[in-house]
There are 2 protein chains.
Amino acid sequence: MAYPAAWLRGASLGEAIACELRLSIIMGTIKGGEKLSENRIAADFGTSRSPVREALRTLSDEGLIRLERMGAVVLGLNEEEVDELFDVRYLIESFVQERLSRMDRDSVIIQLERIIDKMTLAAKHLDAEEFAYQDFMFHETIIAEAKHSRIWQLWRSIRQIVLALMLVTTQRVFKEGPERIDRVIAKHSVILQGLRTGNKEEIQQQVRNYFEDSFITLHNSFGQS
Amino acid sequence: MAYPAAWLRGASLGEAIACELRLSIIMGTIKGGEKLSENRIAADFGTSRSPVREALRTLSDEGLIRLERMGAVVLGLNEEEVDELFDVRYLIESFVQERLSRMDRDSVIIQLERIIDKMTLAAKHLDAEEFAYQDFMFHETIIAEAKHSRIWQLWRSIRQIVLALMLVTTQRVFKEGPERIDRVIAKHSVILQGLRTGNKEEIQQQVRNYFEDSFITLHNSFGQS
DNA sequence: GCGCTTTAACCTGTATACAAGTACACAACG
DNA sequence: CGTTGTGTACTTGTATACAGGTTAAAGCGC
């Protein structure tokens with residue numbers, strides 16, 4: 001599986017290399033402990049060291065690798081670290097939703113409705129890539145609408161990992177059949193419904209439910225793989 | 001005011017340039033809206049574009065500037081954005097302390113005691129730089145001890161800004177006299193005391209108090225400047 | 001065979017070079 | 001005077017070159 005070319009439109013070589021490497025690390029094609037050298041990667045991708053250097057810095061900022069004196073060592077994402085990523089996602093979305101509950105939500109609700117429509121369409125066409133992307137956009141839209149510069153920055157620092165992870169897990173979900181896919185859509189609808197009510201406690205409860213459910217699903221998925 | 005040279009030991013040129021620029025932006029020497037060019041900065045610092053490029057990426061990741069097609073535009077930190085930064089700090093420390101309350105805290109308590117001693121010493125010698133650094137280390141130590149890879153990553157994405165901000169505010173505090181300095185030390189002692197008790201609710205209350213107080217102090221400080 | 005020294009390959013950090021694209025000013029023209 | 005076109009200067013993204021340092025292994029003495 002390669003990184004969807006459509007997601008790389010307008011990206012520089014450095015970003016593209018970062019995306020490819022990130023996906024390889026998340027899928028386990030590149031294993032934890034492995035050592036990466038700028039020269040070797042540059043040779044592999046047929047580029048110079050400059051974009052590779054940029055890519056390695058990106059992955060280092062994301063915590064997927066650690067830059068050392070010589071070479072970069074791959075840290076990878078084990079099950080526990082994925083859990084921790086979900087901790088952070090929950091922390092961010094919980095904060096953001098609390099904030100949204102005190103704001104005008106008309107705009108975000110309309111956007112989320114459209115996104116759910118697109119998810120439904122992608123499910124119909126069995127387009128896992130598009131589905132994963134819309135799933136991603138659903139959450140990104142909510143976070144963006146809270147209009148909190150620092151929270152947005154936190155999101156930026158994990159968004160690419162989240163996207164790559166969604167791509168992988170969505171493809172697993174699609175293999176499990178349509179009822180599983182529908183459940184994912186339903187989960188998002190519940191979040192949207194909570195936002196519509198504007199009830200702070202209910203929204204928080206919905207978000208908690210969402211992540212608890214995702215958590216369990218994820219572990220089952222890990223157990224199988 | 002320049003960035004303390006002692007804090008740059010072992011740093012690459014790129015990191016050093018990032019620190020200098022960051023401080024200039026936070027102090028307002030470089031104002032929001034201003035446009036930065038790699039070439040001009042490289043000329044100013046007497047280096048090539050490579051480290052400057054790295055520095056600009058760092059500042060972009062930190063949300064202090066925005067990289068555009070041509071030139072980078074300075075975003076700066078107004079009062080509201082500092083508030084938002086404190087939102088994030090509170091979010092992180094609150095999470096971390098909850099986690100710590102369920103862990104063995106002996107090690108972190110000893111470390112924090114030592115840090116408070118160093119703060120007291122720095123206060124005695126009126127060494128604002130050292131005081132700011134120990135203040136910073138106090139919080140960083142707490143976060144590190146929670147041993148949560150993703151939370152640590154979030155912290156990493158704001159730690160340099162926090163450090164620079166602490167340097168600026170600490171120097172203001174030092175100008176206001178010793179009683180203000182002692183209050184800062186006392187605030188940290190309260191946090192430490194909360195950690196000693198291990199009582200979850202009390203710890204959370206202490207952390208909330210700390211940030212509410214910092215919040216108010218900060219706004220007063222902003223009002224004066 | 002084992003340990004020490006030396007050397008050679010390789011790595012990163014930084015500098016420089018080149019190419020493609022963008023903005024802006026200025027001039028020519030309607 | 002307004003508009004359009006062109007040219008120039010400056011920008012970033014990428015490639016290449018160089019310097020200093022680290023690793024590792026090859027070679028040699030024992």
Side-chain angles (χ1 to χ4, degrees), chain A residues 3 5-22 24-25 30-76 156 160, chain B residues 3 5-22 24-25 30-76 156 160:
Chain A
Y3 196 83
W7 298 359
L8 289 175
R9 267 184 309 169
S12 69
L13 262 177
E15 294 169 296
I17 292 174
C19 287
E20 293 289 354
L21 289 178
R22 185 185 302 112
S24 296
I25 293 175
I30 301 179
K31 296 202 166 43
E34 206 165 318
K35 276 212 171 173
L36 304 177
S37 123
E38 291 181 2
N39 284 317
R40 252 202 43 195
I41 297 173
D44 289 350
F45 283 90
T47 70
S48 76
R49 272 178 52 213
S50 307
V52 173
R53 195 175 175 71
E54 190 189 331
L56 290 187
R57 246 212 68 181
T58 300
L59 298 182
S60 167
D61 288 341
E62 291 176 355
L64 291 176
I65 67 175
R66 187 177 57 237
L67 264 38
E68 297 191 336
R69 297 297 163 91
M70 293 189 69
V73 53
V74 177
L75 299 175
R156 271 206 323 188
Q160 291 289 346
Chain B
Y3 196 84
W7 297 359
L8 290 175
R9 268 184 309 171
S12 70
L13 262 178
E15 293 169 298
I17 293 174
C19 287
E20 293 288 355
L21 289 178
R22 185 186 301 113
S24 297
I25 293 174
I30 301 179
K31 297 201 166 44
E34 206 166 319
K35 276 211 171 171
L36 304 177
S37 125
E38 292 182 1
N39 284 317
R40 252 203 44 196
I41 297 173
D44 288 350
F45 282 91
T47 71
S48 77
R49 270 178 54 215
S50 307
V52 174
R53 193 174 176 73
E54 190 188 330
L56 290 186
R57 247 212 67 181
T58 301
L59 298 181
S60 168
D61 287 342
E62 291 176 355
L64 292 176
I65 67 176
R66 187 178 57 239
L67 264 37
E68 296 192 338
R69 296 299 161 92
M70 293 188 69
V73 52
V74 177
L75 299 175
R156 270 206 325 187
Q160 291 290 347

Side-chain donor/acceptor contact of B:Arg69 with base of D:dG13 under 3.5 Å: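 Donor-acceptor pair under 3.5 Å: no.
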Candidates [options] - which lies nearest the side chain of [X]:
{"X": "B:Pro51", "options": "D:dA15, C:dT14, C:dC11", "value": "C:dT14"}
{"X": "B:Met70", "options": "D:dT16, C:dA23, C:dT12", "value": "C:dA23"}
{"X": "B:Ser12", "options": "C:dC11, D:dT12, C:dT14", "value": "C:dT14"}
{"X": "A:Ser48", "options": "D:dT14, C:dT12, C:dT16", "value": "D:dT14"}
{"X": "B:Arg49", "options": "D:dG13, C:dA15, D:dT11", "value": "D:dG13"}

Rounded to the nearest 0.5 Å, what's the gap from [atom1] on [X] to [atom2] on [Y]? Could you check?
{"X": "A:Leu36", "Y": "A:Leu59", "atom1": "CG", "atom2": "CG", "result": "8.5 Å"}
{"X": "B:Leu64", "Y": "B:Leu56", "atom1": "CG", "atom2": "CG", "result": "11.5 Å"}
{"X": "B:Ile65", "Y": "B:Ile25", "atom1": "CD1", "atom2": "CD1", "result": "6.0 Å"}

On the nucleotide [N], are OP1 or OP2 found under 4.0 Å from the side-chain N or O atoms that [X] carries?
{"X": "B:Asn39", "N": "D:dT11", "value": "yes"}
{"X": "B:Thr47", "N": "C:dT14", "value": "no"}
{"X": "A:Arg53", "N": "C:dG13", "value": "yes"}

Once you round it to whole Å, what is the distance between [atom2] of [N] and [atom1] of [X]?
{"X": "A:Ile41", "N": "C:dC11", "atom1": "CD1", "atom2": "P", "answer": "11 Å"}
{"X": "A:Glu68", "N": "C:dT12", "atom1": "CD", "atom2": "C1'", "answer": "13 Å"}
{"X": "A:Glu54", "N": "C:dG13", "atom1": "CD", "atom2": "P", "answer": "15 Å"}
{"X": "A:Leu56", "N": "C:dT12", "atom1": "CG", "atom2": "C1'", "answer": "11 Å"}
{"X": "A:Lys35", "N": "D:dT22", "atom1": "NZ", "atom2": "P", "answer": "14 Å"}
{"X": "B:Leu36", "N": "D:dT11", "atom1": "CG", "atom2": "P", "answer": "11 Å"}
{"X": "A:Leu67", "N": "C:dG13", "atom1": "CG", "atom2": "P", "answer": "7 Å"}
{"X": "A:Arg57", "N": "C:dT14", "atom1": "CZ", "atom2": "P", "answer": "12 Å"}

Mapping B:Ser50 and B:Gly71 onto DNA chain D by nearest heavy atom, which one lands closer to the 5' end?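 So the residue in question is B:Gly71.
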Can a donor-acceptor pair be found, under 3.5 Å and without considering hydrogens, that links the side chain of A:Ser24 to the backbone of A:Glu20?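 Side chain of A:Ser24 to backbone of A:Glu20, a donor-acceptor pair under 3.5 Å: yes, one is there.
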Quick one about B:Arg22 and B:Thr58 (side-chain donor to acceptor, distance below 3.5 Å, no hydrogens or angles considered), yes or no?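 Per modelled atom types, B:Thr58 and B:Arg22 side chains form no pair under 3.5 Å.
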